[in-house]
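Reminder, nothing fancy here: chain letters follow the sequence lines and each chain counts from 1. Here the structure is a predicted model, which is why all the values come from computation and not from measurement.
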2 protein chains.
Amino acid sequence: MIDEASSRREPLVLVVEDEPQLMRFLRATLPAHGYRVLEAATAAQALVQAETRQPDLVLLDLGLPDLDGLEVTRRIRGWSAVPIVVVSARGQERDKVAALDAGADDYLTKPFGTDELLARMRVALRHATRVGSGQGEASFESGDLRVDLAARLVYRRGVEVRLTRTEYRLLAALVKHAGKVLTHRQLLVEVWGPGSANETHYLRVYMAQLRHKLEDDPAQPRWLLTETGVGYRLRTD
Amino acid sequence: MIDEASSRREPLVLVVEDEPQLMRFLRATLPAHGYRVLEAATAAQALVQAETRQPDLVLLDLGLPDLDGLEVTRRIRGWSAVPIVVVSARGQERDKVAALDAGADDYLTKPFGTDELLARMRVALRHATRVGSGQGEASFESGDLRVDLAARLVYRRGVEVRLTRTEYRLLAALVKHAGKVLTHRQLLVEVWGPGSANETHYLRVYMAQLRHKLEDDPAQPRWLLTETGVGYRLRTD
DNA sequence: CGCCGTCTTGATGCCCTCCTGACGCTTCGG
DNA sequence: CCGAAGCGTCAGGAGGGCATCAAGACGGCG
């Protein structure tokens, strides 16, 4: 499970990054915002550190010299549920999606701003504690949207919303991993089964329907967010 | 769940016993003390009877020819809370304990007297009704529909409604989880037993009957709602 | 043993959900 | 500046689920 450090002291972040410049930047920035930093410049170092130090979060650059970032994600996920935020350069879309499919929680595209970085890290950490301690929260609430997974009921401004079976399954998949980016593949597998893992068109149609039923302005969604080229995300907060 | 017959008529007891002598004795004794008797000489018969007739109590001999009494207990407990009293010969202590672990309510050791038998049965039945009614809401009320699970009475606008056994079981299942969606499977298992888990047609027929007896406009139900592709739900309001 | 109520099973028509295709828009890269 | 790819939207057709009616099978009861 997650290291207990998080509950007592500042979160421990394992930064896996081979670019000295970026590493220097992170080494200075993160402690200033209440994080302790653990460094790794290669995949091999990263795996050792992750295992021996049990960090609260992993910030993982995909462009590593020795091993694929995807493989690192896969190996860590083999025994740990620690949140993983992958960092990708432009043109690494494929690796990024693969890492998310393998269980990464979120992603950042270079170059990224400090605010965005910190925001993603906060969300990932919050998501981890929710899943870890809440043990399968049976409901989701945010603004005037409420989802009761136990009763299979959805409310918008307190008014019950009627969803079809597929609409509800899709929403439930997002709720179960609220705040986390879910790839097309993950959603398709969870809702339509492994046989439809490539039918991304289904997602577009049903996302549109969900937005029409749940959002004030379906064209500019507040909760059901599109992650272009990657998948979708349910905004928490 | 438990057959509701007990509140209106004599309790139905499923006697699982392969010794003809003892069976003859019980067949004569139990009716004389206000029980109706259902017979089974093998585990296979017992399971079929338990499922199709839904007795109020099971009197289960552990020394059966075909299957372990322990296994019978386990299978019945898989879907029903009917009280089970196991009957064991001397030297079967181990099986007896295992049966209790598997969910049996009490035990008798051969040879046993009539008084002891009747006492154990009364206790088991009392315990069942106490748990059955005490657990969760004992009644449901919403608008002009009222369901009293303890008394097995249903009122509409204050007037008592006559329901058949199956109609009532179905309504009771919905009342026990009022407000939540129950899947076809859940309802079928609770009302008809696990063997009929796929007979969704039963549900439609009995839902229609319940709606005709309880709803103002059966075509547009206020309480007995359809969740297409999923199941049914009793609106709490 | 026969009657009556209940349960099961079948057949039919309707409506809704799901899937699918076409099209326009935006974004990104050449 | 243009083409490609990803996304959102709309609408129609096919299929499946649902409600309903009706008749036969079953079991309880007198």
### Query
Side chains of A/D148 and A/S139: donor-acceptor distance under 3.5 Å anywhere?
no
### Message
Let me spell it out: for each of A/R162 and A/Y202, pick the nucleotide of DNA chain C with the closest heavy atom. Which residue's pick is nearer the 5' end?
### Response
A/R162
### Protein-nucleotide distance (B/Q209, atom CD; D/dC18, atom C1'), rounded to Å
15 Å
#### Entry: Between D/dA19 (P) and B/H212 (NE2): distance, integer Å
12 Å
### Query
Does B/E227 come within less than 4.0 Å of A/R152, counting only side-chain N to carboxylate O?
yes
### Task
Please assess B/R162 against B/E167 for the test side-chain contact (heavy atoms from CB on, under 4.5 Å), listing each intermediate value before the final yes or no.
CA-CA 9 Å; B/R162 235 182 70 79; B/E167 287 163 3; over 6 Å; no
### Task
Using atom CE of B/M207 as one end and atom C1' of D/dC21 as the other, report the distance to the nearest whole Å.
19 Å
### Check ion pair A/D61-A/K110 (N to O, under 4.0 angstrom)
yes
### Task
Mind checking side chain to side chain donor-acceptor pair (under 3.5 Å) for B/Q209 and listing every partner two or more places apart, or none if nothing turns up?
none
### Message
Centre-to-centre under 6.0 Å for A/W223 and A/Y232, is that the case here?
### Response
no
### Task
Under 4.0 Å from any heavy atom of chain B: name the first and the last nucleotide of DNA chain C that qualifies, 5' to 3'.
C/dT6 to C/dA11
### Query
To the nearest Å, how far apart are B/R165 CZ and D/dC26 C1'?
12 Å
### Task
Work out how much the helix from C/dC1-D/dG30 to C/dG30-D/dC1 bends between its end axes, five pairs an end, to the nearest 10 degrees.
30°
#### Entry: Of all pairs that satisfy ring pair (Phe, Tyr, Trp, His ring centres under 6.0 Å), the ones with a partner from residues 17-69 of chain B, not counting sequence neighbours
none
### Query
Using 4.0 Å as the upper bound for N to carboxylate O, is an ion pair formed by A/E160 and B/R233?
yes
### Query
Pick the nucleotide of DNA chain C nearest each of B/Y206 and A/V205; which residue has the one closer to the 5' end?
B/Y206
### Query
Taking only residues two or more places apart in sequence, or in another chain, which ones meet A/E141 in a salt bridge (charged side-chain N to carboxylate O under 4.0 Å, His left out)?
none
#### Entry: Integer-rounded Å distance: D/dC18 C1' and B/Q220 CD
15 Å
### Message
Pick the closest DNA chain D nucleotide for B/L38 and for B/L203 by heavy atoms, then say which residue is nearer the 5' end.
### Response
B/L203
### Query
Does the pair A/E190/A/K176 count as a salt bridge with the N-to-O cut at 4.0 Å?
yes
Atom pairs under 3.5 Å, N or O on each side, protein against nucleotides 2-7 of chain D: can you list them with distances?
| residue | atom | partner | partner atom | Å |
| --- | --- | --- | --- | --- |
| D/dC7 | OP1 | A/G229 | N | 2.8 |

### Task
Establish, from distance only, whether the side-chain atoms of B/R211 and B/T226 form a donor-acceptor pair under 3.5 Å.
yes
### Value in whole Å for how far the P atom of D/dG27 lies from CD of B/Q54
15 Å
### Query
Once you round it to whole Å, what is the distance between P of D/dG17 and NE2 of B/H201?
14 Å
